[in-house]
*Asks:* 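Here's a structure for you.
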Number of protein chains: 2
Amino acid sequence: MLWRSIHDRLHEEIATGHYKPGEKLPTETELACRFGVNRHTVRHAITELRDHGIVYSRRGSGIFVATKPMTYKIGRKTRFSKNLVHAQQAPTLRFLRLETRHADKIELENLALGRTAEVHVVEGIGLSNNIPITHFTSIFPAAPLDGFIEALESAGSISTALAACNILDYERLRTEITAVLATPETAIHLACQVGDPLLRTRSLNQSNNVPIEFGTSLFSAKHIAFVVDEDSSA
Amino acid sequence: MLWRSIHDRLHEEIATGHYKPGEKLPTETELACRFGVNRHTVRHAITELRDHGIVYSRRGSGIFVATKPMTYKIGRKTRFSKNLVHAQQAPTLRFLRLETRHADKIELENLALGRTAEVHVVEGIGLSNNIPITHFTSIFPAAPLDGFIEALESAGSISTALAACNILDYERLRTEITAVLATPETAIHLACQVGDPLLRTRSLNQSNNVPIEFGTSLFSAKHIAFVVDEDSSA
DNA sequence: CCTTATTTGTACGTATGTATC
DNA sequence: TGATACATACGTACAAATAAG
């Protein structure tokens with residue numbers, strides 16, 4: 001599986017923009033030298049990248065980057081609709097579940113609610129360029145957000161539905177990031193293989209120092225790399 | 001594989017401190033209700049957690065959290081030695097490779113160096129409580145860091161070795177985060193199984209607006225969750 | 001247009017580890 | 001245990017397309 005780690009490495013360097021679209025990769029021989037492997041091992045990795053449309057190769061000329069980088073910025077102003085860098089089309093949401101119910105212990109704790117409080121639960125898929133990027137579940141306090149579910153159904157965007165409930169601005173307070181493996185269920189939602197690496201975030205947004213959203217998201221690591229940029233997060 | 005996602009979820013909630021050490025988990029019946037599955041499915045997940053020493057269970061009493069959470073803060077002041085929250089012992093480094101060589105293209109670009117510049121390469125394992133947490137490779141510009149390798153060998157810490165070269169302070173400029181699977185080689189270094197989910201970071205540190213370190217690190221997702229905290233990153 | 005060097009593509013062979021029967 | 005098949009990784013050689021002069 002040596003070729004796999006080389007594949008992942010090259011894919012990451014393309015996804016994060018270190019090799020830019022149209023740019024020529026180093027030659028197979030150079031890459032083999034860089035990774036300390038045989039040329040065939042590099043070719044195996046390149047073949048996989050080409051099969052996924054990440055690069056294309058021209059005999060006698062070289063290997064070139066085909067895709068645009070897809071990075072997801074993590075910072076104070078993290079919003080799904082704006083943080084997918086270089087997405088060709090506007091990202092869209094598809095909702096799988098919209099309901100209001102009693103909060104469990106972890107939700108109460110994160111949203112700083114009383115023990116019998118109700119919450120809005122929003123589960124859905126975030127798509128960019130018609131490919132599923134993230135499977136998310138977001139929890140909102142029900143009390144200050146009357147009519148939120150209805151606003152969400154018509155608006156199709158979290159930010160605008162919050163705006164309809166007079167939450168005009170909010171900030172990302174904290175983001176936890178872990179890695180997990182795709183289960184059969186998430187593999188269906190994210191159109192990936194069981195066992196593929198995923199990034200999971202658990203995040204808390206607040207508005208005027210009041211917790212307003214507690215969300216859990218799964219991102220396919222195949223499509224997305226997170227970027228924490230201390231310059232632009234301020 | 002339903003039990004796996006429940007296992008991952010509980011493990012994350014323990015790792016990130018939502019369930020604290022010594023604290024009692026909800027009962028198996030409550031958990032079964034929360035996840036909408038049969039109690040046996042929850043038991044399967046719990047069994048796995050117990051086998052890994054994450055929780056312990058007492059008949060008639062309940063299930064309790066055994067481990068301390070290990071979270072790794074990502075922010076301006078990210079340093080391995082200080083960012084492992086709740087580590088019982090001071091983290092240590094074990095070096096696998098210390099050398100000086102010519103930089104490749106990506107290294108030149110990130111460190112903003114001329115095309116024939118040399119770099120110090122430091123590869124090693126970061127340990128906390130004697131268990132391997134991260135496998136890292138860091139690249140430093142050689143020109144402004146004369147005697148860095150020697151300082152590193154005697155100091156055993158990146159920060160103090162940099163201080164010996166008159167780099168008294170530095171800041172994390174950018175962190176990229178992706179998820180990959182453990183290959184046989186990394187499985188050895190991180191004492192995990194092949195195919196386990198890993199977090200990989202690629203980060204750039206600078207001192208006085210000059211790039212000073214470009215590093216790639218693999219973290220075992222079993223032991224670590226990243227936290228991007230907008231409060232404390234400032 | 002030809003030559004030459006570069007670079008990808010293809011085809012052999014060898015060795016090793018792993019899974020299966 | 002042995003036999004077989006398969007995937008991985010390395011080595012070498014050469015054909016075919018491209019780029020540069």
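Order of the sequence lines sets the chain letters (A, B, ...), proteins ahead of strands, with each chain counted from 1. These figures come from a predicted structure and were not determined experimentally.
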*Asks:* Establish, from distance only, whether the side-chain atoms of B:Thr100 and B:Glu118 form a donor-acceptor pair under 3.5 Å.
*Replies:*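 No - no donor-acceptor pair under 3.5 Å links their side chains.
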*Asks:* Rounding to a whole Å, what distance do you find between A:His44:NE2 and D:dA9:P?
*Replies:*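 Rounded to whole Å, this separation is 8 Å.
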*Asks:* Judged by atom type as modelled, is there a donor-acceptor pair below 3.5 Å linking the side chain of A:Glu12 to the main-chain atoms of A:Arg9?
*Replies:*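 No.
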*Asks:* Would you call the rings of B:Phe219 and B:Phe226 parallel, tilted or perpendicular, taking 30° and 60° as the class edges?
*Replies:*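 If you compare the ring of B:Phe219 with that of B:Phe226, the planes turn out perpendicular.
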*Asks:* Roughly how far, to the nearest 0.5 Å, is the CG atom of A:Leu96 from the CZ atom of A:Phe136?
*Replies:*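 With rounding to 0.5 Å, CZ (A:Phe136) is 7.5 Å from CG (A:Leu96).
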*Asks:* Take nucleotides 4-19 of chain C nucleotide by nucleotide from the 5' end and write B, S or -, depending on whether a protein heavy atom sits under 4.0 Å from the base, only from the sugar-phosphate, or from neither.
*Replies:* --BBBBBB--------
*Asks:* Can you see whether B:Glu123 engages B:His135 through a side-chain donor-acceptor pair at a distance of less than 3.5 angstrom?
*Replies:*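 Side chains of B:Glu123 and B:His135: pair found under 3.5 Å.
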*Asks:* Within the pair A:Asn38 and D:dA9, is there a side-chain N or O less than 4.0 Å away from OP1 or OP2?
*Replies:*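 For A:Asn38, the contact criterion (side-chain N or O under 4.0 Å from OP1 or OP2 of D:dA9) is not met.
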*Asks:* Could you state the CZ-P distance from A:Arg4 to D:dA7, rounded to the nearest angstrom?
*Replies:*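 Whole-Å distance recorded here is 15 Å.
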